[in-house]
Amino acid sequence: MTPLILYFTADYPSTEILKSFLGAVDPDVVKYVEIGIPESNPLYDGPIIKATHSVALKNYTPSHLLEYTSILNGKGIPTYALSYYEKFSKQGISFAEFLKDDGFRGVIVPDLLTDYSEESDRIIPEIEETFNFIPFFNPATPDGLIISVSSMTRSWIYYGLQPSTGIDMPFDLEEVSKRILDLLPGREINFGFGIRTTAQIREVLDLGSSGVAIGSLLVEYLKNRDLEGFRKFQVSVREAPLNAD
Amino acid sequence: MLSTQDTAIIPHEWYNVVPDLPRQLPPPVDRDEKNSSIQLLNRILPKTILKQEFTFQRYTKIPEEVQEIYAQIGRPTPLFRANGLEKALDYKGKILVKYEGATITGSHKINTAIPQAFYTRDEGSTGVVTETGAGQWGTATTVAASMAGITSKIFMVKVSFNQKPLRKNIMELYGGEIVPSPSTETEFGRQVLAKAPDHPGTLGIAISEAVEYALEKDLKYMLGSVFNSVLTHQSVIGLESEKQLEILGEEPDVMIGCVGGGSNFGGFVFPLMKKFKEAKIFASTASEVPKFTKGEYKYDYVDTAKILPSIKMYTLGSDFVPEKIYAGGLRYHGAAPSISMLVNSGKIKSSDVTESSVIDALKLFARSQGIVAAPESGHAIATAIEYARANGNSRETILVNVSGHGLLDMSIFQR
């Protein structure tokens, strides 16, 4: 299996179109799917994903989430929610319970460590009692925080390579990869943010990432309702010599 | 003095504090869904600077050519015991001074101007553009550009342009083109002047003009402060100090620097903070620009025109217009995110200093040590004096970074 992780914003561009895309997800290529809960201010997303939130908010109904996870769970693909912390600050741990009941395996909270770090020691163990908390780190995460948060969790790590999704900034891929891989030997670490081509996917995997998350790249297919293009993309990833060594 | 000759003290690597911060540094963000201001940085900054900005490597090798230039411009700068000041204050502990005024341009600013200009040249650009407040950054930029064989254009905050004509002369001597900001050369400058023809200018406006000009003329923009890559280049100050303290056999109990955007302060304190974990740290700011005590810790724009990304920092608002104080380098509305975070967490204490205290401190420092320090640095000296007076019988060692000399800022004493 190709270790691909796909990100979709819930109810973007519409419930029905997203369901048709999820129905087309190829379990031979995709290991996990992330579903983003629409947010009025997705601060740490780049312009492409931000625009999907604006559209999705108009369509969003929480009951749709179960429809999405049912499709993916039917294919045996673990599905994770991506939610900003505001939902937890308003609803507490019951939000994690709601997500678990809706079929999610765990949750990623991109702004927790940046904006609510004082909450993290309390909320992460609580979430871990419900389902998986997936730590979201990036190159600006200090070593001490990477080690302490990782030790509170059991599942995989999401490592964002860039400051925002879908933004092409020069950075030293080898260097940013090395630091986290050295800090957490043996841990499943999946890289994302700004990965756009099969060549980049290959490069990231060669450096030691366990998988690659793709999000902004899929928006064009969704926007154009290009289901065939999405299928072809998955085929191209499957056929790319990702594990040639 | 220790020692301007021993080039072995010059570090071979810069230090980036981000991997060692207690909390995660909030990233720059876009406010506009359609146009990414982060993406815009790709057009105006050298790729190597962007790599340094977004890779967060703990140590980065200083290019050999830059190391050689560092020696040429007066590095290592002296670190000495301020016996005269101790005596004048009857202080029982020690006061140590790291003196960045000993560089050829008279301030720390050259430490980052050199690598930025050389990266610009190496990537095939023909010139750089930037802003300056008091003129220290503009001076460093013009020298660095000249050494790199590229052109430089400086938007100088109008109030400083008028107060400090010698700065303009020096920048022109180094081959720079100097324009008072707000100017008629950019759309943003024209807008400001249309509303307020006598506008004194701010660093936020000058940054906006420089960025707009860089975009229009396809030049590279030089980052004077605030950005993490700049603080990383400035780490030569703290890294040198660490070696010099070791030679002296001293350990600071208190570390003090002044904060405009935060580059001399971060460059000085961050490498030392790693080793001297228990040292008290004070950031001196102008009481007319009380960013840490009256500002908010939130996302705000780097520049007044809102072209550059938003960063999380202590800010008085990107449209804040400070009084016409003489310490032009401290008139900036915000401060570097890493410093802001540590002020917010309580690790760094802030100290607002009035202009009259600064003048008194500069006079005492000049009369006891013989050094005419820059008005900006005078804030740090004033905080050190205040600390020494309040703790006269303590045996604590105070280390203060004097970021520049004030030989071109003498008009402060004529007020």
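- The one candidate from A:Leu43, A:Asp115, A:Thr114 that meets the side chain to side chain contact (heavy atoms under 4.5 Å, CB included) condition with B:Lys312 is A:Asp115.
- By the neighbour-count criterion of 12 heavy atoms within 6.0 Å, atom NZ of B:Lys274 is densely surrounded, having more than that number from other residues, nucleotides or ligands.
- The number of heavy atoms from other shown groups lying within 6.0 Å of CG (B:Asp218) does not exceed 12.
- Rounded to the nearest 0.5 angstrom, A:Asp172 CG and B:Leu50 CG are separated by 13.0 Å.
- In this structure, the side chains of B:Val29 and A:Tyr44 come closer than 4.5 Å at one or more pairs of heavy atoms.
- A:Thr141 touches chain B through backbone and side chain together, each having a heavy atom under 4.5 Å away.
- Highest contact tally toward chain A, considering only B:Gln24, B:Lys51, B:Lys47, is held by B:Gln24 [criterion: heavy-atom pairs under 4.5 Å].
- Atom CG of residue B:Leu25 and atom CG of residue A:Leu113 lie 13.0 Å apart, to the nearest 0.5 angstrom.
- Residue A:Lys178 places its NZ atom among 12 or fewer non-hydrogen atoms of other residues, nucleotides or ligands, all under 6.0 Å distant.
- In the displayed structure, A:Gln91 atom CD is contacted under 6.0 Å by more than 12 heavy atoms of other residues, nucleotides or ligands.
- Taking a 6.0 Å sphere around CD of B:Glu296, one finds it holds 12 or fewer heavy atoms contributed by other residues, nucleotides or ligands.
- Heavy atoms of A:Leu145 lying under 4.5 Å from chain B belong exclusively to its side chain.
- No side-chain heavy atom of B:Phe54 sits under 4.5 Å from any side-chain heavy atom of A:Pro170.
- Summarising the geometry, atom CZ belonging to B:Arg23 is positioned 6.5 Å from atom CD belonging to A:Glu118; distances are rounded to the nearest 0.5 Å.
- In this model, no donor atom of one side chain and acceptor atom of the other lie less than 3.5 Å apart for A:Glu175 and B:Thr55.
- Counting heavy-atom neighbours within 6.0 Å of A:Glu126 CD, excluding the residue itself, gives a total above 12.
- Applying the 6.0 Å contact sphere to NZ of A:Lys223 captures no more than 12 heavy atoms from other residues, nucleotides or ligands.
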